[in-house]
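Notes to accompany the following structure.
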Amino acid sequence: DLVVTRADRKVDLTSHIVRVLTSLKVENSGPEAVSQFLLAFPNVQAKNLAAIRAFGTEEKVKGPSMVLPIEVVQPSGVPPELTFFSASLSKPLEKGKTLHLDVLTVFTHSVQPFPEEITQAESQLVVYQDSAQYLSPYPVKVQTLSIRLPGGRVESYTKYPNTKLAESELKYGPYEDLPPFSYSPMVVHYENNNPFAVAKEVIREIEISHWGNVQITEHYNIAHGGAKLKGEFSRIDYQSRPYIRGVSSFRHLIARLPPRAHSIYYRDEIGNISTSHLWSDSKKTQLEVEPRFPLFGGWQTTFTIGYGLPLQDFVFNSDGKRFLNITFGSPVEEILIEKLIVKVVLPEGSKDIDISVPFPTKQEQEVKYSHLDISGRPVVVLEKLDVIPEHNLYFQVYYRFNNISLLREPMMLITGFFLLFMACIVYMRTDMSISKNSPSYLAKVQWDEVQSIIQQIQAIFNQCLAAHDKLETSLHELSRSGDVKSCKVARKTADAQFKELAKELKPLLTSLQSSSQSYQIWPKVEELVAKERELQDKLMTRHSTVVDSFEKKLRGQDVENRIAAQQQKVAALRQEVESLLEYISEI
Amino acid sequence: MAEPESSTAAAGGSRLRNACGGVLCAFTLLLIGVLAFSIRLFSVIKYESVIHEFDPYFNFRVTQFLSKNGIYEFWNWFDDRTWYPLGRVIGGTVYPGLTLTAGTIWWLLNSLNIPLSVETVCVFTAPIFSANASWATYLLTKEAKGTGAGLMAAAILAMVPSYISRSVAGSYDNEAVAIFALIFTFYLYVKTLNTGSLFYATLNALSYFYMVCSWGGYTFIINLIPIHVLLCIVTGRYSSRLYIAYAPLVILGTLLAALVPVVGFNAVMTSEHFASFLVFIILHVVALVYYIKGLLTPRLFKVAMTLVITVGLAVCFAVIAILIALVASSPTKGWSGRSLSLLDPTYASKYIPIIASVSEHQPPTWPSYFMDINVLAFLIPAGIISCFLPLSDASSFVVLYLVTAVYFSGVMVRLMLVLAPAACILSGIALSEAFDVLTRSVKYQLSKLFDDSPAASGDSSAESSSASTVSTNSAKNETRPEKTETAPKEKPSKKNRKKEKEVAESVPVKPKKEKKLLVLPMEASVLGILLLIVLGGFYVVHCVWAAAEAYSAPSIVLTSRSRDGLHVFDDFREAYAWLSHNTDVDDKVASWWDYGYQTTAMANRTVIVDNNTWNNTHIATVGTAMSSPEKAAWEIFNSLDVKYVLVVFGGLVGYPSDDINKFLWMVRIGGGVFPHIKEPDYLRDGNYRVDAQGTPTMLNCLMYKLCYYRFVETDGKGFDRVRGYEIGKKHFKLTHFEEVFTTHHWMVRIYKLKPQKNRVRGKLKKLKSGSKASSTNAAGRKKNPWQ
């Protein structure tokens with residue numbers, strides 16, 4: 001019993017996604033209150049329907065409008081070529097009352113290229129079919145239809161009475177008092193060179209890291225959905241007159257990313273694509289991506305966009321639960337996605353996952369292993385066909401996550417390295433040889449002993465040499481100051497030191513001699529000991545001669561003469577001792 | 001450092017010093033590794049993380065296959081995407097070392113759940129292995145000349161331009177891992193020689209196996225080591241250690257090498273390996289002689305000697321005669337073409353144009369030596385001299401390595417890579433010795449200054465004497481094989497610590513103890529140190545420049561700097577991406593062989609020929625097609641099922657290594673198999689040109705037409721920026737090909753073969769020109785090998 005008193009339809013044909021906004025004024029002329037309103041579409045159109053939304057406003061046009069829930073219904077006694085949607089009104093419409101209803105419907109694949117194949121130089125002509133009259137199960141009193149065209153050539157359009165083409169707008173109507181289900185097909189054939197960007201498949205992966213980042217990676221497989229290119233592609237034509245020769249192609253797409261997006265990259269499977277531009281301000285980040293080559297009809301390409309977003313902008317807390325609140329669709333403008341897969345990768349250890357999406361999607365869960373995971377990260381997979389920019393609505397994923405789990409991976413690394421170093425230390429400190437009495441092992445042990453003994457011996461000899469030096473210095477002192485007494489004291493202490501050192505040396509020498517590994521080094525050590533003793537004696541004698549001659553107050557010349565031979569011998573011996581020491585230490 | 005008061009404290013102090021030195025040495029090595037890795041990242045920073053050039057793309061593709069399908073599938077992989085219609089058995093014709101290495105790294109990371117892509121792993125394999133190579137250099141030089149020289153050599157190798165050129169990030173080629181394997185094998189050989197340990201001998205064989213897996217250059221090892229063994233025998237340095245170092249290597253190494261499919265029976269069949277077997281026999285004879293000498297009295301020995309020599313000589317002659325007969329019976333005398341061109345540098349250009357056509361197979365010029373090893377060229381002689389003071393087994397090996405490497409590098413530019421490590425080792429030795437002498441002199445002079453003051457108290461003299469002994473040690477830090485035999489050096493840190501300490505710590509030393517050492521005047525030695533540092537500075541600057549500017553370009557992305565900023569030429573990938581997305585999966589693409597690997601890897605399309613130039617006839621076919629007129633070329637390509645033809649053209653932007661510049665090689669290689677292609681037809685008075693002076697054959701061949709199709713329309717004159725003149729034939733139409741894609745800067749042009757004409761029209765044409773058609777037909781048949 002409803003009557004549509006006025007129906008204004010506006011069809012937007014500027015892009016390849018067709019948006020129809022129908023403003024209806026509905027009056028209940030029957031006796032009973034009505035709680036739902038039926039919308040009818042031919043099956044051909046309903047097949048391509050990507051989104052439908054209805055907003056109702058009661059009485060006054062300017063009142064608050066509300067979104068009405070819509071569902072597919074199959075009323076009895078209607079033609080099977082039609083598909084019906086029913087919008088449930090928020091409250092039943094009383095008799096005599098009117099209601100303003102705005103219905104937005106979005107169709108994909110409704111604009112068909114004709115001809116289907118064009119050359120590079122031709123521009124793309126497309127055909128759109130619809131009804132000039134509003135198809136409705138209710139009688140319509142007054143109606144108009146206006147179609148916005150992208151501008152440019154209009155090849156032809158169906159002419160009815162009251163049809164008017166002005167600039168880029170085609171108008172039908174007003175028509176008055178039409179019965180229910182009136183339908184008069186209309187066709188418009190016009191030029192449309194706007195990019196027909198169709199993504200065969202988009203995989204959008206949203207990975208949450210509670211270290212402060214939401215990483216988004218989008219894989220696109222994009223094709224030009226318009227008329228296919230026929231014949232040659234000539235670069236010279238394209239470059240010299242790009243807007244004439246190659247007008248149907250498109251070279252770039254624009255993606256509107258959220259503000260504060262960072263680390264943006266744009267690449268494909270063979271590397272970075274260098275043709276992209278980025279602008280950003282506080283409201284948005286705009287990324288212009290240019291595929292590797294201009295896309296002509298039927299050509300396709302793949303690429304990947306990735307960017308990071310600050311965590312606090314998209315993940316919130318509510319009642320002990322966290323939730324991700326982010327848009328569903330792709331950020332690329334005016335793109336039709338035939339199949340969109342959104343994967344939300346939650347951090348490892350997330351529990352109690354809930355999803356709330358404003359439209360029906362296919363939902364699944366899987367597990368992804370990444371960056372040192374043990375149990376894997378839960379992944380929510382949402383799949384939806386025919387996604388258009390109107391689907392860029394926020395959706396929510398609720399989950400529970402404990403911050404302690406954040407520390408798991410660093411702790412794992414720390415433990416790993418700790419164990420590695422521990423293993424190294426243990427390996428260095430322990431004796432790993434299998435057989436404790438194999439000849440080579442025993443030899444090694446003995447060799448170690450010999451080495452330590454030799455080191456001790458070396459130290460002793462070094463001390464001896466130091467004592468020698470002290471004697472020498474005392475002589476120098478003597479020649480300077482003539483203090484015989486202190487010189488004698490020095491000799492005495494040196495003598496005592498020599499004795500002590502000899503005592504120390506003895507056990508070392510015996511143990512060295514007994515060791516079987518020292519056969520090579522022993523003669524040298526023996527020689528060293530002998531030489532050193534000789535050197536000691538010589539030094540002592542020289543010392544005493546010098547002191548004696550001093551006491552006797554001999555002339556310096558004489559003293560020189562007396563000790564010259566000794567001096568030489570001492571020097572030679574000293575050198576020999578040193579070279580022996582060196583030789584030993586080299587072993 | 002604690003002043004050692006008593007004998008036990010002294011021992012503890014020296015142990016502490018050793019430990020400190022060890023840690024310092026390890027830390028230095030770690031830093032050298034980081035340096036080697038990071039200096040190779042310029043390509044990633046300046047360009048992107050991408051595989052470079054040609055061969056790396058093939059290796060990358062193989063690695064992808066390996067990581068996807070597993071090792072067994074990899075061995076059995078028959079690749080039908082290349083050499084259409086012949087295909088290629090990848091598993092049996094590829095050196096698998098690099099691929100398996102990167103595959104293993106990838107697998108290891110992924111099993112730890114570190115999700116790196118195969119590409120990332122491949123890109124960074126080369127820098128990782130150059131860090132390994134510098135550590136291996138440290139080990140090898142340490143065996144020869146001690147720790148100080150080792151560290152120096154490692155630091156030099158970490159940034160030697162010659163090696164950087166093959167191992168920047170993204171240069172995913174066999175050489176990247178092979179140089180590490182080469183040095184490490186040499187290290188293990190020298191280590192075995194110094195220790196006589198069978199453990200190291202086994203490791204040596206395994207390392208040799210890895211080298212065989214990685215690179216065809218393994219023949220260098222299997223010839224150099226026998227030469228060194230022979231040298232040792234001749235100079236009377238035979239010892240049981242030599243036997244242990246060599247015999248297991250030959251036996252185990254050959255067995256292991258034969259396991260690698262690409263080598264297989266070549267490990268015993270080809271002449272490159274004969275030297276090793278011959279020396280193996282000689283070594284045994286010598287070993288027997290030494291053994292008998294030990295058993296018998298000198299008089300008996302003399303008798304036995306004559307007996308053995310007569311019998312031995314007879315046997316030797318017989319064997320040699322058989323060998324010569326065998327070798328002479330094979331056409332190439334048992335040598336493969338590349339090896340022959342090593343021995344006779346003119347061989348390749350005379351007989352194998354396909355080898356000669358590769359620029360890296362040309363002999364190098366002098367500037368390329370300076371470019372690639374820079375100041376090392378001047379330090380090498382000093383290194384050789386210090387290797388002779390005194391000569392040990394290890395240092396003689398290093399010298400021998402250098403001498404042979406210098407020869408080979410003179411034959412082929414590519415083998416500069418083998419020279420680089422030798423140059424680094426010797427320069428490291430030279431620098432380290434020079435620093436040693438100079439710092440010692442400085443220290444001596446300083447201590448003399450200190451000595452004048454009364455500070456030289458008795459207490460410090462204990463310390464000073466020990467310090468001086470150590471310093472005299474380091475002055476003579478040579479390996480004496482007699483001693484190292486029983487005493488494997490367990491204290492590498494000592495000398496190293498010396499080197500680090502010397503400048504900082506100037507302990508008052510008694511001058512008289514240094515008398516016998518070579519001492520230079522203070523000023524001279526300080527000046528010398530400064531000059532050496534400046535020299536090192538120059539080297540570092542040059543290396544960084546080379547790494548950043550000369551060798552980091554990935555060659556698939558080109559950049560040029562103009563007044564309005566950086567301009568990127570990404571045409572190759574543009575074309576490959578177009579091919580990959582907009583042609584049928586099974587379409588065949590014909591191009592010159594240079595682009596074969598890239599096309600299969602990036603565009604995933606079947607190619608006719610690629611960079612693995614195993615079938616000369618096939619390449620000649622493509623060369624013939626490119627140098628034929630359009631119709632004949634169309635017939636050849638059509639018979640090969642080719643759908644697209646790809647040419648690289650640099651005339652618009654001035655990219656010099658394009659197909660027109662390579663065209664003469666196509667003519668030569670094509671003419672080598674199909675004699676109707678004659679090089680003089682393409683040359684005007686011996687000059688190769690494509691301007692108005694060009695011959696009609698040249699201006700009508702397919703390559704010319706595909707490159708210059710509609711080129712004249714760009715500027716109205718057809719000015720070729722590479723050749724620097726206007727092209728000869730400007731306006732022409734293609735009859736059998738159509739342009740399907742040209743990249744932004746025209747660097748890659750892709751043409752499609754037009755479908756065959758209707759049969760009826762063809763018949764009519766034939767009827768029209770009866771006799772003429774039959775003759776061209778016959779010619780066509782002759783030209784086309786696939787009909």
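Sequence lines set the chain letters: A, B, ... in the order given, protein chains first and strands last, and positions in each chain run from 1.
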Distance-only donor-acceptor check, side chains B:H567 and B:T559, under 3.5 Å: no

Quick one: do the B:E119 and B:S49 side chains pair a donor with an acceptor below 3.5 Å? no

Quick one: which of A:G376, A:G271, A:P294, A:P291 has the most heavy-atom pairs under 4.5 Å with chain B, could you say? A:G271

Heavy-atom distance under 4.5 Å to chain A: side chain of B:E738, backbone, both or neither? both

Please classify the contact of B:V740 with chain A as side chain, backbone, both or neither, using a heavy-atom distance under 4.5 Å. backbone

Ring centres under 6.0 Å, that's the criterion: do B:F741 and A:F233 meet it? yes

Would you check if the distance from the ring center of A:Y220 to the ring center of A:F303 is below 6.0 Å? yes

Please walk me through it: do A:T302 and A:E269 pass side-chain hydrogen bond (donor to acceptor under 3.5 Å, both in side chains)? CA-CA 8 Å; A:T302 58; A:E269 63 264 36; 3.1 Å; yes

When only pairs under 4.5 Å are counted, which of B:E574, B:E739, B:E48 shares the most heavy-atom pairs with chain A? B:E739

Please determine which of B:T599, B:T583, B:D584 meets the side-chain hydrogen bond (donor to acceptor under 3.5 Å, both in side chains) test together with B:R605. B:T583

Residue-level contacts of residues 706-714 of chain B with chain A, using a heavy-atom cutoff under 4.5 Å: B:Y709, B:R710, B:E713, B:T714

Any side-chain heavy atom of B:Y751 within less than 4.5 Å of one from B:H736? no

Return the set of residues passing side chain to side chain donor-acceptor pair (under 3.5 Å) with A:S370 (not counting sequence neighbours), or none when no residue passes. none

